[in-house]
Peer 1: 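Let me give you the structure first, and then I'll get to my questions.
Naming convention: chains lettered A, B, ... in sequence-line order (proteins, then strands); numbering from 1 in each chain.
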Number of protein chains: 2
Amino acid sequence: MLTQTINTQAINTQVRGKIGSALPASDQFVAIADHVGLIATELSYRKEEEIYGEDEPAEYVYQVVSGAVRTYKLLSDGRRQIGAFHLPGDVFGLESGASHRLTAEAIIETNVRVVNRASLEKVAGIDVHVARKLWAMTSGQLRHAEDHMLLLGRKTAMERVATFLLEMDRRLAVAGMMALPMCRRDIGDYLGLTLETVSRALSQLHSQGILGLSGARQIELRNRQRLRNIDAL
Amino acid sequence: MLTQTINTQAINTQVRGKIGSALPASDQFVAIADHVGLIATELSYRKEEEIYGEDEPAEYVYQVVSGAVRTYKLLSDGRRQIGAFHLPGDVFGLESGASHRLTAEAIIETNVRVVNRASLEKVAGIDVHVARKLWAMTSGQLRHAEDHMLLLGRKTAMERVATFLLEMDRRLAVAGMMALPMCRRDIGDYLGLTLETVSRALSQLHSQGILGLSGARQIELRNRQRLRNIDAL
DNA sequence: CGCTGCCTTGATCCCGATCAATTCCCGTGG
DNA sequence: CCACGGGAATTGATCGGGATCAAGGCAGCG
């Protein structure tokens with residue numbers, strides 16, 4: 001339960017109050033919260049800590065401030081499919097229905113901003129721009145899921161890894177370098193592969209000079225065009 | 001272009017006007033159209049006919065009246081991933097953004113009801129219940145996509161086919177029988193398998209007495225519980 | 001400096017893909 | 001009503017990409 005999390009792990013980092021204009025307002029989640037005067041709370045989660053579980057009531061909507069989050073589903077025998085990685089700025093845990101449909105965990109030490117879902121929905125019932133924004137965010141997640149179904153159903157291992165690298169490059173590259181927050185197993189569970197296959201694909205791309213590795217999780221893309229050629233359309 | 005479709009194939013079946021209460025009002029799409037007085041048009045598509053293409057402007061929102069529709073993405077070399085099958089009552093082609101992200105085709109002779117997206121959005125800007133409903137419909141599609149990612153990324157061939165049969169049973173069984181509108185290739189492209197693998201899995205389930213076949217597309221589930229046991233969680 | 005978990009690399013296996021015939025319907029026309 | 005044609009489905013044989021099993025290597029952190 002989130003209540004426990006607040007009480008046991010995150011109590012020290014709680015910051016209650018209206019989001020002020022001093023905070024980065026680079027996206028609409030903040031803009032909404034700011035504009036309509038919603039109460040936003042900031043929480044911290046440690047590496048590997050669960051944020052919410054599958055089928056739990058969706059009490060809050062989250063936005064990553066720093067760190068990284070994975071959302072996934074499990075089969076009863078432990079097979080895992082990660083649906084998405086959530087990086088700084090991303091909103092996750094937004095549900096139209098009553099409960100979360102995936103489990104969310106912090107991959108590394110992570111700070112998130114949360115807004116109560118009920119109050120957000122109340123605002124959406126008054127302000128059509130907020131309602132439109134909630135729909136657009138869910139629609140954006142659907143777009144990602146549709147692209148990912150194509151990857152999982154039809155792409156080869158090498159194509160999947162190329163797609164992954166280009167996605168991460170777009171989302172978290174700083175000065176041409178990526179610092180991946182997740183391990184090989186997470187990447188495999190996102191791409192529908194084993195960690196060994198991910199590792200082999202990365203090694204091969206490295207040997208071809210398409211990427212540089214300075215530490216397993218520090219990756220530099222040296223030739224994006226060749227990577228795009230490997231990735232099927 | 002849809003305009004062409006209207007002019008060439010569907011002109012005879014066009015029915016312009018406010019949806020009346022005499023039509024089945026079992027779902028909210030009709031309820032919305034009825035309530036707010038939107039103009040709904042009914043169109044027909046022949047077997048294999050395209051309804052809209054990937055990246056085309058999303059001018060209309062569709063609801064299946066009769067028949068069946070597949071929505072899919074293609075890779076440049078022709079590999080195809082079907083994201084969903086749309087059966088009578090289902091809404092498809094609803095986009096929050098400007099364009100369609102998958103191609104839609106009629107699988108068999110199909111009748112659909114269409115509503116202009118711009119006018120629907122205009123209504124959503126006034127009536128919060130309509131706005132809420134649009135969000136909920138997109139959210140429902142996201143739920144399906146999340147479940148399907150788990151299937152495509154982590155389930156075995158037999159598990160995928162079991163999941164498929166249970167889904168179709170739920171959605172189109174009449175008196176314990178299913179009349180599948182789609183061929184084995186479509187099923188394969190939905191499940192991330194080849195048509196041969198789908199066929200083999202069905203044959204095996206048949207030989208185990210779990211399903212009855214009267215014609216390749218007429219399937220009777222004889223033991224849903226065993227099918228649920230085969231389907232991982 | 002030495003664990004300990006993460007990653008890489010190698011060897012082998014196996015499930016589902018691919019290639020290849022039939023067979024089975026189902027629709028069509030005689 | 002039946003014969004026929006042709007796409008759809010089944011079934012068989014073989015292949016191969018990625019999984020699995022199994023060591024090492026390395027690096028980040030105490």
Peer 1: Would the distance check show the side chain of A/N229 and the main-chain N or O of A/D231 forming a donor-acceptor pair, the cut-off being under 3.5 Å?
Peer 2: no
Peer 1: What's the CG-P distance between B/L213 and D/dT10, to the nearest Å?
Peer 2: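 Atom CG in B/L213 sits about 7 Å away from atom P in D/dT10.
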Peer 1: One thing to verify: whether A/R143 and B/E95 come together as a salt bridge, which I'm taking to mean a side-chain N less than 4.0 angstrom from a carboxylate O.
Peer 2: no
Peer 1: What is the first contacted nucleotide of DNA chain C and what is the last, in 5' to 3' order, if contact means an atom lying under 4.0 angstrom from a heavy atom of chain A?
Peer 2: C/dC6 to C/dA11
Peer 1: Mark up nucleotides 24-30 of chain D, 5' to 3', with B wherever a protein heavy atom is under 4.0 angstrom from a base atom, S wherever such an atom reaches only the sugar-phosphate, and - elsewhere.
Peer 2: -------
Peer 1: Tell me, please, which residues at least two apart from B/S214 pass side-chain contact (heavy atoms from CB on, under 4.5 Å).
Peer 2: B/M177, B/Q218
Peer 1: What residues in residues 177-184 of chain B put a non-hydrogen atom under 4.0 Å from any atom of DNA chain D?
Peer 2: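 DNA chain D contact set from residues 177-184 of chain B: B/C183, B/R184.
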Peer 1: Show, in sequence, the C-alpha distance, side-chain angles and deciding distance for B/E167 and B/F85, and conclude whether the side chain to side chain contact (heavy atoms under 4.5 Å, CB included) test is met.
Peer 2: CA-CA 10 Å; B/E167 180 188 354; B/F85 293 117; over 6 Å; no
Peer 1: According to a strict under-4.0 Å criterion, is B/R217 in side-chain N/O contact with OP1 or OP2 of D/dA9?
Peer 2: yes
Peer 1: If you look only at distance, which donor and acceptor atoms sit under 3.5 Å apart when one is on a side chain in residues 196-212 of chain A and the other is two or more places apart or in another chain?
Peer 2:
| from | atom 1 | to | atom 2 | distance (Å) |
| --- | --- | --- | --- | --- |
| A/T197 | OG1 | A/T194 | OG1 | 3.1 |
| A/S203 | OG | A/S199 | O | 3.0 |
| A/S207 | OG | A/Q204 | O | 2.8 |

Peer 1: Working to the nearest 0.5 Å, report the span between CD1 of B/I230 and CD of B/Q225.
Peer 2: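 Interatomic distance, B/I230 CD1 to B/Q225 CD, rounded to 0.5 Å: 10.5 Å.
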Peer 1: Side chain to side chain donor-acceptor pair (under 3.5 Å) with A/R117: which residues, sequence neighbours excluded?
Peer 2: A/E121
Peer 1: When you measure from the side chain of B/Q81 to the backbone N and O of B/Y190, does any donor-acceptor pair fall under 3.5 Å?
Peer 2: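 Yes: the side chain of B/Q81 pairs with the backbone of B/Y190.
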Peer 1: Between the two end axes of the helix from C/dC1-D/dG30 to C/dG30-D/dC1, each built from 5 base pairs, what angle do you get to the nearest 10°?
Peer 2: 40°
Peer 1: For DNA chain D, determine which residues of residues 66-84 of chain A have any heavy atom closer than 4.0 angstrom to one of its atoms, and list them numerically.
Peer 2: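 Output list: empty, so none.
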Peer 1: List in numerical order all residues of residues 154-162 of chain A for which some heavy atom is under 4.0 Å away from an atom belonging to DNA chain C.
Peer 2: none
Peer 1: Identify, with sequence neighbours excluded, every residue that meets ring pair (Phe, Tyr, Trp, His ring centres under 6.0 Å) alongside A/Y52.
Peer 2: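 Only A/Y62, A/H100 meet the ring pair (Phe, Tyr, Trp, His ring centres under 6.0 Å) criterion with A/Y52.
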Peer 1: Any side-chain heavy atom of A/T41 sitting closer than 4.5 Å to one from A/R113?
Peer 2: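 No, too far: nothing below the 4.5 Å cut-off.
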Peer 1: Calculate, to the nearest 0.5 Å, the distance between atoms CD1 and CG belonging to B/I219 and B/L180 respectively.
Peer 2: 4.5 Å
Peer 1: Looking across every strand, which nucleic acid part, if any, lies under 4.0 Å from B/L202 by heavy atom: base, sugar-phosphate, or nothing?
Peer 2: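 Answer is nothing: B/L202 stays at 4.0 Å or more from every strand.
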Peer 1: When you compare the side chain of A/V112 with that of A/Q63, does any pair of heavy atoms fall below 4.5 Å?
Peer 2: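 Of all side-chain heavy-atom pairs linking A/V112 with A/Q63, none is under 4.5 Å.
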Peer 1: Taking atom P of D/dT10 as reference, at what distance in whole Å does atom CZ of B/R185 sit?
Peer 2: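 For the pair B/R185 CZ and D/dT10 P, the rounded distance is 14 Å.
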Peer 1: Would you call B/D90 and B/R171 a salt bridge, taking side-chain N to carboxylate O under 4.0 Å as the test?
Peer 2: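 Here B/D90 pairs with B/R171 in a salt bridge, since their nearest N and O are under 4.0 Å apart.
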Peer 1: What protein N or O atoms touch nucleotides 20-23 of chain D N or O atoms at under 3.5 angstrom, if any, and at what distances?
Peer 2:
| from | atom 1 | to | atom 2 | distance (Å) |
| --- | --- | --- | --- | --- |
| D/dT20 | O4 | A/R200 | NH2 | 2.9 |
| D/dC21 | N4 | A/E196 | OE2 | 3.1 |

Peer 1: Over all heavy atoms of both residues, which pair between B/D189 and B/R80 is shortest? Give the atoms and the distance, please.
Peer 2: OD2-NE, 2.6 Å
Peer 1: Does A/R70 come within less than 4.0 Å of A/E48, counting only side-chain N to carboxylate O?
Peer 2: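 The answer is yes: the pair qualifies as a salt bridge.
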Peer 1: Could you list the residues that satisfy ring pair (Phe, Tyr, Trp, His ring centres under 6.0 Å) with A/H86, not counting sequence neighbours?
Peer 2: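 Per chain and number, A/H86 pairs via ring pair (Phe, Tyr, Trp, His ring centres under 6.0 Å) with A/F92.
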Peer 1: Does the distance from a Lys or Arg side-chain N to an Asp or Glu carboxylate O, for B/E56 and B/R101, drop under 4.0 Å?
Peer 2: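 Result for this pair is no, no salt bridge flagged.
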Peer 1: Salt bridge (charged side-chain N to carboxylate O under 4.0 Å, His left out), that's the test. Do B/E146 and A/K73 meet it? Break it down for me.
Peer 2: CA-CA 8 Å; B/E146 288 163 345; A/K73 279 178 161 286; over 6 Å; no
Peer 1: Quick one: do B/R222 and B/E220 make a salt bridge, cutoff under 4.0 Å?
Peer 2: yes
Peer 1: To the nearest 0.5 angstrom, please state how far the CG atom of B/D147 sits from the OG1 atom of B/T163.
Peer 2: 9.5 Å
Peer 1: Can you work out whether B/S203 or A/G192 has the more 5'-proximal nearest nucleotide on DNA chain D?
Peer 2: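 Looking at the nearest nucleotide for each, B/S203 comes out on the 5' side.
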